Amino acid sequence: VYVSFPGKSEIYLEIMKVRGQATSDAVAEARKGAVSPIDRLERGTRAFVQFFFDHTDWLRIQAQSGQSWSVRPKEATIAKLWQEGLDAYVAIIREGIASGEFCDEDPFELAVLVQALTKVQVSQALASGDQNAQRVADRLVDRLLRLLCIPALASREADRKSPRLNSSPE
């Protein structure tokens, strides 16, 4: 390993780049064919959570890194992936505001909140031993909808998805 990478820092950065790109690709693929901002948000969120649960070592590295997902990383390649993710959220949120589905607030600030809440949710799942990606994604999607949607729509979406909110841990 040390023939290809001079030290642990370089190994860590390479893992961040490779897994970060794979995560980004999985989310972009999941969003294809979405018909609304809410659908794009939900599909991307579910793919993101599933990717982390499919790659638990990657999840542990992220959770233990101490790096906030609301702060732009310093390394250029990782920062580019972070910015692309943030820009995608900003675009979804702007579209949701324009369609009247999301609250008319600063899309950039909301996108940063989405990223921060996502890290909290997946890190907490890891810490608590919750290994059910669907349940974690359900909770996260519900919280994101309450954050972003106008109150009446958030309530309707929650009611539509209520059976999963009442599911007990397995």
Side-chain angles (χ1 to χ4, degrees), residues 19-56 58-60 62-63 67-72 80-170:
R19 287 292 188 201
Q21 186 62 61
T23 305
S24 179
D25 292 346
V27 170
E29 183 64 30
R31 287 179 176 152
K32 287 181 180 176
V35 296
S36 71
I38 289 175
D39 192 26
R40 245 180 306 293
L41 177 73
E42 183 168 355
R43 286 180 185 210
T45 299
R46 290 184 182 288
F48 188 91
V49 170
Q50 189 62 57
F51 187 90
F52 274 95
F53 276 79
D54 288 346
H55 303 88
T56 53
W58 170 236
L59 173 56
R60 278 185 197 59
Q62 283 290 320
Q67 174 71 40
S68 169
W69 290 353
S70 63
V71 177
R72 182 183 179 87
K80 180 180 178 286
L81 289 168
W82 179 88
Q83 189 64 53
E84 289 170 1
L86 186 71
D87 291 346
Y89 278 127
V90 168
I92 290 167
I93 292 167
R94 281 191 174 130
E95 185 182 353
I97 291 169
S99 70
E101 296 172 277
F102 294 167
C103 295
D104 189 2
E105 296 185 27
D106 180 350
F108 176 80
E109 184 177 301
L110 290 171
V112 169
L113 286 169
V114 167
Q115 288 189 208
L117 182 57
T118 300
K119 180 162 188 184
V120 168
Q121 192 75 49
V122 296
S123 296
Q124 180 57 33
L126 177 65
S128 71
D130 189 347
Q131 298 178 8
N132 186 318
Q134 181 174 340
R135 185 173 47 242
V136 173
D138 287 346
R139 284 194 309 265
L140 179 55
V141 167
D142 290 332
R143 289 176 177 152
L144 293 177
L145 292 175
R146 286 195 307 267
L147 170 69
L148 297 171
C149 289
I150 59 171
L153 186 58
S155 177
R156 186 177 80 216
E157 287 293 315
D159 288 346
R160 182 174 70 84
K161 299 172 183 182
S162 64
R164 70 170 188 235
L165 291 176
N166 298 322
S167 63
S168 60
E170 296 172 353

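None of these values were measured; they are calculated from a predicted model. Positions are given from 1 along the sequence.
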Listed partners of Ser36 passing side chain to side chain donor-acceptor pair (under 3.5 Å), at least two apart
none

Ignoring hydrogens, what is the shortest heavy-atom contact between Ala137 and Arg46? Give both atom names and the distance.
CB-NH1, 3.6 Å

Reported CG-to-CG distance for the pair Leu140 and Leu41, which is rounded to 0.5 angstrom
8.0 Å

Is Glu84 close to Leu81 at the side-chain level, that is, under 4.5 Å between some pair of heavy atoms?
yes

Check salt bridge (Lys or Arg N to Asp or Glu O under 4.0 Å) between Arg31 and all other residues, then give those that pass, not counting sequence neighbours.
none

For Phe53, which residues count as a ring pair (Phe, Tyr, Trp, His ring centres under 6.0 Å) partner, sequence neighbours excluded?
none

Could you list all the side-chain hydrogen bond (donor to acceptor under 3.5 Å, both in side chains) pairs where at least one residue sits in residues 88-100, not counting sequence neighbours?
Arg40-Glu95, Ser99-Glu101

What residues form a side chain to side chain contact (heavy atoms under 4.5 Å, CB included) with Asp54, not counting sequence neighbours?
Gln50

Applying side chain to side chain contact (heavy atoms under 4.5 Å, CB included) to Thr56 and not counting sequence neighbours gives Arg60

Contacts of Ser123 meeting side chain to side chain contact (heavy atoms under 4.5 Å, CB included) (sequence neighbours excluded), chain-then-number -> Ala63, Lys119

Would you name the heavy atoms of Leu117 and Arg143 that are closest together and state the gap between them?
CD2-CB, 3.9 Å

Between Val114 and Thr118, is there a side-chain heavy-atom distance shorter than 4.5 Å?
yes

Ile93 and Ala111: which non-hydrogen atoms are nearest, and at how many Å?
CD1-N, 3.5 Å

What residues, two or more places apart in sequence or in another chain, satisfy side chain to side chain contact (heavy atoms under 4.5 Å, CB included) together with Gln131?
none

Glu105: partners by salt bridge (Lys or Arg N to Asp or Glu O under 4.0 Å), with sequence neighbours left out
none

Show me, pair by pair, the donor-acceptor contacts under 3.5 angstrom made by side chains of residues 22-29, not counting sequence neighbours?
residue: Thr23; atom: OG1; partner: Arg19; partner atom: O; Å: 2.8
residue: Thr23; atom: OG1; partner: Trp58; partner atom: NE1; Å: 3.3
residue: Asp25; atom: OD1; partner: Gln21; partner atom: NE2; Å: 2.8
residue: Glu29; atom: OE1; partner: Lys32; partner atom: NZ; Å: 3.1

Just by modelled atom types, is the Arg139 backbone N or O under 3.5 Å from a matching donor or acceptor in the Gln121 side chain?
no

Restricting to salt bridge (Lys or Arg N to Asp or Glu O under 4.0 Å), what partner residues turn up for Asp87, sequence neighbours left out?
none

Nearest heavy-atom pair of Asp39 and Ala34: which atoms, and what distance?
OD2-CA, 3.1 Å

Exercise: identify the closest heavy-atom pair between Ile38 and Phe102
CG1-CE2, 3.6 Å

If I take atom CG from residue Leu144 and atom CD1 from residue Ile92, how far apart are they, to the nearest 0.5 angstrom?
10.5 Å

Restricting to non-hydrogen atoms, name the atom on Cys103 and the atom on Cys149 that form the minimum distance, rounded to 0.1 Å.
SG-O, 3.3 Å

Distance check, rounded to the nearest 0.5 Å: Leu145 atom CG versus Glu42 atom CD?
6.5 Å

When rounded to the nearest 0.5 Å, the distance separating CD1 of Ile97 from CG of Leu110 is 6.5 Å

